Every structure is written in C-alpha cells, then in structure tokens.
Amino acid sequence: MAKRIITISREFGSGGRFIGEEVAKKLGIAYYDKDIIGRIAEQSGFAPEYIQENAELSPKKGLFAYAFSGRDITGKSVEDIVYEAQRKIILGITEKESCVIIGRNADFILRDRAEVLNVFIHGNMPEKVQRICRLYHVTEADAINLINDTDKRRRTNYNFYTEQKWGMAKNYTLSLNSSVLGYDMCQKIIMDCAK
C-alpha cells in the first residue's frame, strides 16, 4: 500500500480533531496530535506544558512581543527553536509511516511531498459555539471568546512561520465546511481523496 499522509488544519470548534482521529482509525494509520508535544519537548529541551501552549499557537502577546523576545546566540527565539523541533519531528514521522497529523503547520512543512493530502476544516459559528459549549461546559459568550482567541493565535502562528494565510483555500487540497457537510461526510471525502 502506498504511504498516505493527511494533514488537518482546523478552526476551533469545527470538529477537525475528531474528524482526523476517525479518518486515521478507519484507514488503520497512525494519528498524531497532542502526542507530538512530548517529542517536541524532548528535542527542544522545553517543558511539555510550554510546548502545549506555544507549539501551534502564537504567543498571547502577539508578534510585537515576539520581536523583543529573548534569543539564543544564533538569534533564534524560543518560539523559533520550538518550531524547528516541531518541523523535524513531523518530517521524521512522515518518512516512516502513513499518518494523520492535526495542526502544527504540517501542511506547510510537508508542502513539497506528493503523497500528502492537506485538509482545512472550518464551520459556521453557531455550530462551533454549540460544540464548544458542550465540550468545555462554558457559556455561549465564553465559547465565542475561546473560538476567536484560539483561531487568532493559530492564524498568527501560521501566517508568521509559513508566510501564507491560514485558512486560505489555495493552501490546502481540500477545504471542508463541517457545519454543512457533517462529520461523517467530511470523513468520507477525506478518505476518498486519500486513496
């Protein structure tokens, strides 16, 4: 069987993580999401908690703060060191096996690989708010704030490290609206395209 690599970028609350996990199960391939954090921590020397907070999301203080953050003797910031460790781990994983990778700019990191299917999952705000309220037991107002904050940080990180626009359809093979298609249909489309 040919190697299959699927990257899934997603809006917060769109169900992209769940969709990716189900696709991996149904295809019988590895699934990587938060489990990459331990590997990044090991390679970069930073605590897993720090990686959890910063490997995919931009610093809460934004790019202005990034410009003034501490640097090592090579001029790299902590964020740069974490991103480089993340990049090496993703490249190493995909050399060895078929897999689904959630987030972490994997679509960009693997952009030159022919066997990669890059997917962006987005959704309509009412459905995303309902999902976040249900999963995190928060109010609608809190869910909206969580969605906006998380997506802003993902966008800032992606735009900075890739020099592309997060969520722009031309950066992905597929762009799917989970609110319109439903999770099952998103899974089916991804699996059909991964053949």
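If you're wondering where the values come from, they're calculated on a predicted model, not measured in any experiment. All values below come from the heavy atoms of this structure, side chains included, with hydrogens, waters and symmetry mates left out.
- Side-chain contact between V100 and L27 is absent, with no heavy-atom pair separated by less than 4.5 Å.
- The distance from the OG atom of S9 to the CZ atom of R155 is 12.5 Å, given to the nearest 0.5 Å.
- The backbone N or O of N124 sits less than 3.5 Å from a side-chain atom of S179, completing a donor-acceptor pair.
- V119 pairs in a side-chain contact (heavy atoms from CB on, under 4.5 Å) with only one of the listed residues (D107, L174, I189), which is L174.
- Between L110 and L91, some side-chain heavy-atom pair lies under the 4.5 Å cut-off.
- Closest approach of V23 to M191, counting heavy atoms only: CG1-CG, 4.0 Å.
- A salt bridge does not link R4 to E97: none of the charged side-chain nitrogens sits closer than 4.0 Å to a carboxylate oxygen.
- In this structure, G16 and I102 approach most closely via the heavy-atom pair O-CD1, 4.0 Å.
- For the atom pair D149 CG and R154 CZ, the distance stands at 10.5 Å (nearest 0.5 Å).
- In this structure, the ring of Y183 has its center less than 6.0 angstrom from the ring center of F18.
- Partner Y161 forms a side-chain hydrogen bond (donor to acceptor under 3.5 Å, both in side chains) with one of T156, N105, D80 and no other, that one being D80.
- Crowding of M125 atom CE: a count of heavy atoms from other residues, nucleotides or ligands under 6.0 Å exceeding 12.
- Cation-pi contact between R111 and F108: present, with separation from the ring centre below 6.0 Å and deviation from the ring axis of at most 45°.
- Scanning both residues, S178 and G123, for their nearest heavy atoms gives OG-CA, 4.3 Å.
- In the displayed structure, K26 atom NZ is contacted under 6.0 Å by more than 12 heavy atoms of other residues, nucleotides or ligands.
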For this session: Any chance you could lay out the side chain to side chain donor-acceptor pair (under 3.5 Å) test for N171 and N118, step after step, and finish with the verdict?
Result: CA-CA 8 Å; N171 298 332; N118 292 318; over 6 Å; no
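- Counting heavy atoms from C-beta outward, K128 and D151 have side chains that approach closer than 4.5 Å.
- Between atom CD of residue E21 and atom CZ of residue R17 there is a gap of 9.0 Å, rounded to the nearest 0.5 Å.
- For I132, the side chain to side chain contact (heavy atoms under 4.5 Å, CB included) partners at least two apart in sequence or on another chain are F12, Y136, V138, A143, L146, I147.
- Closest non-hydrogen pair, R104 versus I109, comes out as O-CD1, 3.6 Å.
- Contact check for H122 versus L176: no side-chain heavy atoms found under the 4.5 Å cut-off.
- Atoms CD and CG, on Q164 and N159 in that order, are 9.0 Å from each other to the nearest 0.5 Å.
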Exercise. Can E11 and I121 be said to form a side-chain contact (heavy atoms from CB on, under 4.5 Å), step by step?
Worked result: CA-CA 6 Å; E11 290 180 345; I121 308 283; over 6 Å; no
Exercise. side-chain contact (heavy atoms from CB on, under 4.5 Å) between N157 and W166: does it pass, once the steps are laid out?
Worked result: CA-CA 9 Å; N157 177 286; W166 181 76; over 6 Å; no
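- A distance of 7.5 Å separates OG in S14 from CZ in R131, rounded to the nearest 0.5 Å.
- In this structure, CZ in F120 is found 5.0 Å from OH in Y172, a value given to the nearest 0.5 Å.
- A chain of hydrophobic side-chain contacts below 4.5 Å, direct or via other Ile, Leu, Val, Met, Phe, Trp or Tyr residues, connects I144 to L135.
- Shortest non-hydrogen contact noted between L117 and A194 is CD2-N, 4.0 Å.
- Side-chain contact between I93 and C99 is present, with at least one heavy-atom pair separated by less than 4.5 Å.
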Throw together a table of side-chain donor-acceptor distances under 3.5 angstrom for residues 35-43, partners on residues two or more places apart or in other chains.
from, atom 1, to, atom 2, distance (Å)
D35, OD1, D33, N, 2.7

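- Both Y32 and V82 are part of a single hydrophobic cluster, where members link through side-chain heavy atoms under 4.5 Å apart.
- Between I101 and I8, the closest side-chain pair of non-hydrogen atoms is not below 4.5 Å.
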For this session: Might you work through the salt bridge (Lys or Arg N to Asp or Glu O under 4.0 Å) test for K188 and D192, ending with a clear yes or no?
Result: CA-CA 6 Å; K188 181 181 183 320; D192 286 347; 2.8 Å; yes
